[in-house]
Every structure is written in structure tokens, then in C-alpha cells.
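Below: the structure, in C-alpha cells.
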Protein chains: 4
Amino acid sequence: MRKRDTVTPRKQPSQDRSRATVEAILTATAYILVRHGYARLTTNRVAQRAGVNVASIYQFFPGKEALLAELHRRHIEQGRGAARAVLAAHQGGSLERVLRTMVEAGIAAHAVEPELHRVFSEQMPRIKATRSAASEGFLLEEARELLSAWGCAAPDVERAWWMMQTAAHAVVHQAIVERPDDLRSGALAEELVLMLERYIRGKQTPGPRAGAGPEDT
Amino acid sequence: MRKRDTVTPRKQPSQDRSRATVEAILTATAYILVRHGYARLTTNRVAQRAGVNVASIYQFFPGKEALLAELHRRHIEQGRGAARAVLAAHQGGSLERVLRTMVEAGIAAHAVEPELHRVFSEQMPRIKATRSAASEGFLLEEARELLSAWGCAAPDVERAWWMMQTAAHAVVHQAIVERPDDLRSGALAEELVLMLERYIRGKQTPGPRAGAGPEDT
Amino acid sequence: MRKRDTVTPRKQPSQDRSRATVEAILTATAYILVRHGYARLTTNRVAQRAGVNVASIYQFFPGKEALLAELHRRHIEQGRGAARAVLAAHQGGSLERVLRTMVEAGIAAHAVEPELHRVFSEQMPRIKATRSAASEGFLLEEARELLSAWGCAAPDVERAWWMMQTAAHAVVHQAIVERPDDLRSGALAEELVLMLERYIRGKQTPGPRAGAGPEDT
Amino acid sequence: MRKRDTVTPRKQPSQDRSRATVEAILTATAYILVRHGYARLTTNRVAQRAGVNVASIYQFFPGKEALLAELHRRHIEQGRGAARAVLAAHQGGSLERVLRTMVEAGIAAHAVEPELHRVFSEQMPRIKATRSAASEGFLLEEARELLSAWGCAAPDVERAWWMMQTAAHAVVHQAIVERPDDLRSGALAEELVLMLERYIRGKQTPGPRAGAGPEDT
DNA sequence: CATGAATGAGTTTTCATTCAT
DNA sequence: CATGAATGAAAACTCATTCAT
């Protein structure tokens with residue numbers, strides 16, 4: 001018994017009222033996080049904003065951390081969903097089209113509650129999962145295999161993938177704050193696809209299928 | 001002027017004794033930050049670790065924030081210094097060499113007290129300067145002009161520069177935590193230069209100096 | 001709205017338990033104020049004396065000042081009540097009797113917790129309401145009209161009233177500390193009535209009702 | 001050796017520089033008292049304002065209280081001086097003229113640094129001497145004897161004197177804040193003399209010198 | 001004497017968390 | 001379940017005062 005779990009939700013709300021309470025609590029948490037910042041997030045404030053009693057929070061969550069963890073989990077899930085939607089709608093084709101799809105999926109993932117996203121990635125101490133978790137929504141595992149088909153030299157493939165992932169994520173993420181216009185206009189996506197494509201194209205093993213990916217004409 | 005400045009140091013220590021005190025305070029701050037994390041950083045703890053009285057902290061700094069701001073300022077300064085050193089040692093040459101130099105400058109900037117660097121970029125709420133400030137050390141303005149000589153299409157140059165900066169910074173930064181081996185071996189630098197070079201080469205205006213930068217043969 | 005209100009109570013206690021807590025807090029405040037003085041009044045001391053936790057104070061009051069403000073408000077209210085009681089019991093009659101009633105009302109107002117009264121008027125910085133508020137209990141507006149019936153020359157009436165109020169209040173107030181015996185024996189009231197009566201009688205407009213107030217024989 | 005004297009100045013400054021320092025300290029004290037109030041008066045602030053080091057304060061005063069005590073002593077002294085000047089210039093004559101002189105002396109006493117006076121009487125905890133000390137400047141002992149010559153009934157004289165003193169002081173004092181115009185125009189003095197005269201005239205023992213004081217025609 | 005520096009002992013205030021109803 | 005109330009523990013910050021030079 002080292003220490004009690006401070007992150008897993010306590011009990012699943014079974015009745016309607018309970019579920020509404022939990023929703024209210026999480027909504028309030030998000031609101032305060034965005035509006036006042038992590039430093040000003042207190043359980044009492046959350047309760048007040050949610051219109052419930054502090055004690056009610058502890059009925060469903062073992063502590064403050066659990067609140068944030070759950071909110072974060074949901075946020076990631078939503079981002080992932082958005083990304084999946086894009087990937088599902090448009091898949092396959094030329095290298096460029098695959099990359100574009102992935103970039104757009106990433107952008108979509110970052111588009112859900114961007115303010116909240118920002119708070120999570122800028123102000124949250126403990127939650128390191130941010131990037132990797134979001135990235136799973138960003139460049140999904142499925143996509144990885146598509147790419148490996150283009151034939152990078154063996155030792156490189158994993159590292160190259162990491163490079164792309166890292167660079168692409170950072171560019172999209174920073175753009176939210178620093179280049180919102182380019183994000184909206186699509187110029188940024190264009191540019192990012194360019195960067196990734198040129199990078200990966202240079203990786204292709206020359207030979208039988210030189211200059212072309214599997215499905216490329 | 002709603003609230004008093006909570007960030008600017010209160011008074012400069014003039015004697016040796018107080019200069020030592022301030023040093024001790026900042027050292028203690030860094031230690032606690034790295035060792036216990038931002039959440040556990042309290043003025044009392046800092047004072048205790050520094051072997052001085054809490055009040056002494058408040059003689060020179062208006063509060064906790066100022067402590068962090070000053071530490072951060074110094075850290076940035078050191079990183080910038082390291083980057084400058086690299087840039088000064090090796091400048092000019094082919095596009096690839098220029099990029100390599102810049103990447104290495106960036107890596108050097110991130111190499112000073114990497115633990116502290118990590119805390120600053122992961123756990124600090126307000127201080128936004130982190131990236132941009134560090135980046136100034138990372139890809140200095142001088143370097144920018146070198147690149148623009150390679151002839152990117154006019155409207156792109158600024159955006160392209162931002163892309164490179166953002167991507168490169170993120171890659172180096174994340175690598176500290178996620179790929180320390182690749183950083184040490186130089187493989188990461190190699191790969192990053194590759195990415196940047198391919199990206200920028202594709203930007204070159206075709207024509208008289210197509211395929212070559214000014215100093216390229 | 002430069003700074004938050006530091007004086008208005010934070011929330012009303014709704015249950016019996018908390019009402020008791022608030023009472024305990026205010027009682028403790030009064031005790032410490034009287035026993036140890038304003039300078040020694042600290043929220044911690046109050047909490048300890050009240051047998052509650054410091055935090056409980058801050059649940060109902062935004063700070064030390066609010067504690068004092070509320071205590072003061074109640075004290076004024078009590079004084080006013082005492083004065084009203086006297087005025088209600090005995091009203092009308094000759095000028096002398098009216099004045100006597102008013103003086104006695106004022107004395108009654110000062111008789112509730114005189115120690116506390118003294119602390120309030122001697123040691124309290126900001127609270128300016130002391131005199132004027134207490135005075136409203138002392139020489140009530142109703143009384144004023146009675147007096148004006150005696151026919152002071154028009155321009156004087158307001159100023160004369162202020163004189164009487166100020167002088168009478170000070171005499172009663174100081175007497176608590178400096179002449180408690182005269183207060184108890186009634187000699188002071190006698191003397192004060194004398195002073196006021198002679199002063200106001202001199203103000204009467206000569207003529208038809210010279211020498212006599214409306215109800216005077 | 002109960003506790004060290006915290007009120008008496010430590011040493012008389014003998015050299016010119018020292019005396020200047022002491023002056024600067026006291027001036028700064030007065031300034032802060034008036035400008036920022038008693039609550040914000042700290043030794044450090046005083047020192048800074050005075051342009052000297054905190055420790056210098058402790059060279060001449062045993063503590064904060066002594067600072068205030070000395071300032072107060074001087075203030076009283078000045079008030080007394082002003083009163084004496086008035087009394088000296090104009091003495092003797094009819095009852096009315098004597099009273100007027102005294103009232104004017106009192107007003108003069110309150111006219112020296114009225115802001116400081118207000119702070120002393122409103123915000124100072126310990127110093128109870130305020131009123132009585134100021135009053136000695138207000139209605140000096142000499143004046144008392146003049147009055148007793150008018151022949152009040154024996155048991156009354158002392159109490160009557162206290163009444164007049166108390167009432168007159170309060171009226172003048174409050175007028176500074178509440179009726180500055182009446183003070184300046186002389187209307188208040190007029191009224192006050194009226195009040196006192198009527199009061200004391202009523203006290204005269206009837207008989208041989210009924211209706212007239214010694215020097216009255 | 002004067003000063004920069006230092007500090008002990010406190011002050012106000014906050015907050016996550018639990019308890020009684 | 002829900003809530004008003006309560007609290008332990010600690011946080012930030014202050015200030016009168018002393019010391020070493």
C-alpha cells in the first residue's frame with residue numbers, strides 16, 4: 001500500500017443525475033483551466049463553477065489530479081477521433097496525398113478546443129503524455145506502415161518516423177499560437193507536407209521501385 | 001499598472017556577501033526545480049536549501065516568480081552563449097555546412113544544464129519566452145540571411161524560416177528526453193540537417209543559380 | 001474596482017453550527033480587542049480563542065478588516081437600539097425634559113459594552129463611522145425636529161445642532177473613561193442637559209413665543 | 001529590569017550631522033504617517049524616505065514607538081506654543097473676551113499640521129495623552145483661574161471646567177474635518193464662545209457680584 | 001557614526017481534503 | 001447521494017530589530 005491511486009476515477013456514475021454532475025464538474029474544470037489557468041484551479045472553485053458541492057467532486061474522483069487526468073483523457077480521445085475521421089474519409093493514393101491526409105488529421109486533432117489544448121501542453125506539470133498521446137492521434141500507427149512501404153533503408157525507418165512525427169507535431173502545435181492565419185488558409189499544411197515529403201523522398205532506396213511508392217503510378 | 005511588478009529583481013546586491021547570497025538563492029532554486037519540480041518549489045524551501053533566511057529572498061526578489069524569471073534569464077543567456085561559440089568557430093561554406101553549424105549551435109544551446117532546461121520547458125506556466133528566446137540562440141538572425149541568399153521564392157522565405165526554426169527546435173528539444181543516444185552519436189544532427197537541407201533546396205528558385213547556393217561550386 | 005472588497009462578509013452561515021461558529025469568532029474578536037488591544041489582534045489568535053480553525057474565519061470573512069467591520073456594525077446597532085428604547089419610553093414635555101431624554105439615550109447607547117466602545121473609538125484606524133454612526137443613536141433625527149420647533153434663527157439651526165451633537169457626544173464619550181462616577185451618579189447628565197439647554201435657549205427667537213417652547217407652559 | 005524603555009530617545013545628537021539625521025527621520029515619519037497612515041508606517045520605509053539607513057534610526061531611538069512618541073511630543077509642543085502665543089497677545093477683559101481668547105488659542109493649537117493632528121488622534125493606538133496633552137495647550141491652567149473668579153458654586157467648578165474643556169476640544173477638533181468653512185470664517189468660534197459663555201454664566205453664584213464677573217463693568 | 005545585509009518570529013491567507021448530517 | 005461546514009498543513013510575505021564591517 002504505497003499510496004492510494006490518485007488518478008483513476010472513483011466510481012462510474014450510474015444514475016442520470018450523477019452523470020450530469022460529473023459532466024458539470026469536468027466542464028467547470030475545463031472552463032477554469034482555460035479562463036484562469038492551472039495555477040488558479042482549485043477544487044473549491046471547480047465545485048462552485050459546476051454548481052455542486054466540493055465533496056461531490058470527491059465522490060467521483062479521488063483528488064484533483066484525477067480530475068485533470070480524466071479531462072485530459074477525454075481531450076486526447078476527442079483529438080484522436082477527429083484525426084481518425086479525417087484518415088477514414090481519405091486514404092491511399094500518392095505519397096503526397098498520404099502525407100497531406102496525415103497532416104490534416106493532425107491539424108484536425110489540434111482543432112478541438114485549442115485553448116484547452118494549449119493549457120494542457122503549456123501549463124501542466126506532470127502530464128507528460130501530452131505529446132505522445134496527441135501524436136497517436138496525429139500520425140496514427142496505421143499511417144506508419146503505409147510509409148514504411150516506400151522503402152527507407154532499414155536502420156533509418158524508426159528514427160525517420162520519429163523525426164517526422166516530432167517536427168510535424170511541433171509545427172502544427174506552435175502554429176496554433178503563432179501562425180493561426182497560415183493554419184486556416186491551408187498554407188501551413190502545404191508547407192508541412194512539402195517538408196515531410198522532401199525529407200522522406202530522399203530516404204527512398206533507389207533500385208527497382210526507385211522514384212515511386214507502391215501505389216504510385 | 002494594475003499590480004506591482006512581480007518579476008523584476010528588487011535591488012542589486014552591492015557587496016560581496018550579498019552577491020554570494022543571491023547566487024546561493026538562485027542555485028538553490030535551480031536545485032529544487034530539478035530535484036523536486038516546480039510544484040514543490042517554495043520560497044521557504046529555497047531559503048532553507050540556500051542556507052539563508054526567507055526574508056533575504058524577499059530583499060532581492062519580489063517573489064517566487066522573480067526567482068524563476070531571473071534563473072530563466074540566466075539560463076537563456078548561457079544557452080545563447082554556447083550557440084554563439086559554435087557559430088563563431090565555424091561559419092560560411094556550403095549550404096549543408098551552414099545548416100550543420102546551426103543545428104550544432106542549437107544542440108549546444110540545449111546542452112547547458114539540460115535537466116534545468118527540461119524543467120523550464122515542461123513545467124513552467126507563464127514563461128512563454130522559452131522557445132522563442134532559446135531559438136534566438138538556436139538559429140540566430142545572422143544565419144537567416146545566409147539562407148535567404150539561396151533564393152527562396154519571396155513570399156515563402158519568412159514562413160519557411162519559421163518552419164525550419166520550429167521543426168528543428170522541437171526535434172533537438174524532444175531528443176534530449178526521447179533520443180539522447182542519437183543526440184550523442186551525432187545521428188540526430190545528421191538527420192536534422194538532412195531534413196532542413198532537402199526542404200530548403202526544394203525552395204531554391206530555378207534559373208541562373210539553380211541547383212546551387214551562392215558559394216556552392 | 002481596484003481591489004476586492006475586504007470588508008463585506010463572504011457568505012452567510014445558513015446552518016446552526018456555522019452560525020455558532022460565526023458568533024464564536026466575533027465574540028473572540030471582541031474579547032481579544034478588549035483584552036489585548038487592536039495591535040495584538042491576529043486572525044490566528046481569534047481562531048484559537050474561538051476554538052475554530054483559522055480557515056473557518058476566512059470562510060465567512062474576507063479578512064481581518066471584515067471581522068472588525070462586522071463587530072463594529074453590530075456594536076453600533078446595539079447602541080442605537082439602546083438609545084431608541086430610551087427615546088421611546090419617554091418623549092415630549094418641556095425643553096429640559098426633551099434634552100434630558102436625549103442625553104440619557106446617548107448615555108444608554110454608550111453603556112453597551114463600554115470597553116469595546118472605547119477600543120473602537122481609541123484604537124481603530126479606518127472606521128470613521130464611529131462618531132457619526134453612534135451619534136445617530138445618540139441624538140436621533142426625530143429629536144432634531146423637536147428642537148427646531150423652539151425657534152432658532154434660521155441660518156443657525158443646522159450649525160447649532162451640529163454643535164450640540166458634537167459637544168454632547170464628546171462629553172458622554174470621554175466621561176466613560178475620565179468621569180465614570182459622574183456618569184453613574186447622573187451628575188454628568190444633569191450638567192450636560194444644563195449646557196445644552198442654556199445654549200439652545202439663547203437661540204430662541206424672541207417674540208410671541210419668547211421664553212417658551214411650543215409645549216412649554 | 002522589566003523591559004527596556006522603548007519610548008525615551010536614546011541619545012541626544014551632539015554633532016550637526018546627527019541632528020540633521022534625526023530631523024530627517026522625524027520628518028519622514030510624519031510624512032509617512034500622513035501620507036500612508038499608521039498601518040503602513042514601517043521603520044524601513046521611514047529610513048528610506050529619510051534617506052538614511054534603518055540602523056541609524058536605532059542609533060537615536062530605541063524603537064518604533066519612540067519615534068512616534070518623540071514626534072507626538074513635538075507636535076504637542078508646537079500646538080501648545082501656538083496657543084500660548086494667542087493667550088499672551090490678548091488677555092483679560094470681559095468674560096466673553098476671555099472665552100474667545102481661549103477658544104482661539106485652542107483653534108490655533110489645532111491649526112499646526114492639522115493632517116498630522118488628525119492621524120495622531122484617529123489612528124494611534126497607545127498614545128492616550130492626545131486629548132489631555134493637547135488640551136493643556138488648549139485651555140491652559142492660567143485660564144482656569146480666571147474663570148473660577150466668576151464664582152461657580154464650589155462643588156461644580158472642577159466638573160464644569162472639565163465639561164467646557166471636553167466640549168470645546170471636541171467641537172474644534174471635529175470641525176477640522178467636518179466644518180472647515182465654519183472654522184475659517186470664525187462662525188464656529190463665535191458659536192463655541194456662545195455655548196461656553198451661556199453655560200458658565202448660568203453657574204454664577206447670585207449675590208453681591210451677581211450678573212457680573214470681577215472685571216465686568 | 002553609518003550602512004548593507006541578515007534574520008527570527010510572526011502575519012495573513014489558501015487549499016485539498018474529510019466529516020456529520 | 002449531496003451538502004454545509006470544518007480543518008491540518010503549509011504557503012507567501014512582512015517587519016522590527018541586530019550585526020559585521
Side-chain angles (χ1 to χ4, degrees), chain A residues 6 11 13-15 17-18 21 39-47 51-65 67, chain B residues 6 11-22 39-47 51-65 67, chain C residues 6 11-22 40-47 51-65 67, chain D residues 6 11 13-15 17-18 21 40-47 51-65 67:
Chain A
T6 58
K11 48 176 139 182
S14 53
Q15 300 183 7
R17 185 154 64 124
S18 309
T21 301
R40 294 245 159 98
L41 182 89
T42 74
T43 50
N44 283 296
R45 227 190 286 267
V46 169
V52 303
N53 189 277
V54 213
S56 288
I57 292 178
Y58 289 87
Q59 204 97 80
F60 300 103
F61 302 92
K64 195 181 157 186
E65 300 225 341
L67 222 65
Chain B
T6 58
K11 61 173 164 180
Q12 249 53 34
S14 62
Q15 294 183 6
D16 270 6
R17 185 153 67 123
S18 52
R19 235 173 326 234
T21 299
V22 167
R40 293 246 157 87
L41 183 87
T42 74
T43 48
N44 283 299
R45 225 189 287 269
V46 169
V52 304
N53 189 279
V54 210
S56 286
I57 293 179
Y58 287 90
Q59 268 212 359
F60 299 102
F61 303 93
K64 202 168 95 171
E65 299 222 346
L67 231 52
Chain C
T6 58
K11 63 173 162 181
Q12 249 52 34
S14 63
Q15 295 183 5
D16 272 6
R17 185 153 65 122
S18 53
R19 237 172 325 237
T21 299
V22 168
R40 293 245 156 90
L41 182 86
T42 74
T43 48
N44 283 300
R45 225 188 288 268
V46 170
V52 303
N53 188 278
V54 211
S56 286
I57 293 179
Y58 287 89
Q59 276 225 343
F60 300 102
F61 303 92
K64 203 167 95 172
E65 299 222 347
L67 232 52
Chain D
T6 59
K11 46 176 140 181
S14 52
Q15 299 183 8
R17 184 153 66 124
S18 310
T21 301
R40 296 247 159 96
L41 182 88
T42 74
T43 49
N44 284 295
R45 227 190 286 268
V46 169
V52 304
N53 190 277
V54 213
S56 287
I57 293 178
Y58 290 86
Q59 203 98 80
F60 300 104
F61 303 91
K64 196 181 156 185
E65 301 226 340
L67 222 65

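Letters A, B, ... mirror the listed sequences (proteins, then strands); counts begin at 1.
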Taking Watson-Crick and G-U wobble contacts under 3.5 angstrom, with | marking pairs to another strand and [ ] crossing pairs, the secondary structure of DNA chain E is written .||||||||||||||||||||

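- Rounded to whole angstrom, the span from the NZ atom of B/Lys11 across to the C1' atom of E/dA6 amounts to 10 Å.
- In the set E/dT17, F/dC15, E/dA5, E/dT17 carries the atom at the smallest distance from any side-chain atom of A/Thr43.
- One atom, CZ of A/Phe60, and another, P of F/dT3, lie 10 Å apart when rounded to the nearest Å.
- Here D/Arg45 pairs with nothing under the salt bridge (charged side-chain N to carboxylate O under 4.0 Å, His left out) rule; sequence neighbours left out.
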Between C/Val22 and C/Phe61, is the side-chain contact (heavy atoms from CB on, under 4.5 Å) condition met? List the steps. CA-CA 9 Å; C/Val22 168; C/Phe61 303 92; 4.0 Å; yes

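- Contact check, D/Asn53 against E/dG4: a side-chain N or O comes under 4.0 Å of OP1 or OP2.
- Nearest-nucleotide positions on DNA chain F for B/Arg45 and A/Ala55 put A/Ala55 closer to the 5' end.
- Residue C/Ser18 comes nearest to C/Phe60 through the heavy atom pair CB-CZ, 3.7 Å, listed as atom of the first residue, atom of the second, then distance.
- In terms of phosphate contacts, A/Ser18 brings a side-chain nitrogen or oxygen within less than 4.0 Å of OP1 or OP2 of F/dC1.
- Of the side-chain N and O atoms in C/Tyr58, one or more sit less than 4.0 angstrom from OP1 or OP2 of E/dT13.
- The interatomic distance linking C/Gln15 (CD) with E/dA20 (P) rounds to 14 Å, in whole Å.
- With DNA chain E read from its 5' end, the first of the two nearest nucleotides for B/Arg17 and D/Ser56 is the one closest to D/Ser56.
- Both D/Asn44 and C/Val54 lie close to DNA chain E; mapped to their nearest nucleotides by heavy-atom distance, the more 5′-ward contact belongs to D/Asn44.
- Interatomic distance, CD of C/Gln59 versus CG of A/Asn44, reported as 7.5 Å (0.5 Å rounding).
- Checking F/dA12, E/dT17, F/dC15 against every side-chain atom of B/Lys64, the shortest atom distance belongs to F/dA12.
- Rounded to whole Å, the distance from CD1 on D/Ile57 to P on E/dT3 is 11 Å.
- For the pair A/Thr21 and B/Pro62, both in contact range of DNA chain F, the more 5′-proximal nearest nucleotide belongs to A/Thr21.
- Separating the CD atom of C/Gln12 from the C1' atom of F/dT3 is a distance of 18 Å, rounded to the nearest angstrom.
- As a whole-Å value, the separation of A/Phe61 CZ from F/dA2 P is 12 Å.
- Residue B/Leu67 is classed as having no contact, given no heavy-atom separation below 4.0 Å to the nucleic acid.
- The side chain of B/Gln59 sits closest to E/dT7 out of E/dA16, E/dT7, E/dT11.
- Side chain of A/Val52, nearest nucleotide from F/dT3, E/dA2, F/dG4: F/dT3.
- In this structure, C/Thr43 and C/Ile57 approach most closely via the heavy-atom pair O-CD1, 3.4 Å.
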Report the C-alpha distance between C/Lys64 and C/Val46 in whole Å, list the side-chain angles of each, state the deciding distance to 0.1 Å, and finish with yes or no for side-chain contact (heavy atoms from CB on, under 4.5 Å). CA-CA 10 Å; C/Lys64 203 167 95 172; C/Val46 170; over 6 Å; no

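- Scanning all heavy atoms of the two residues, the minimum distance from B/Ser14 to B/Arg19 falls at O-NH2, 3.1 Å.
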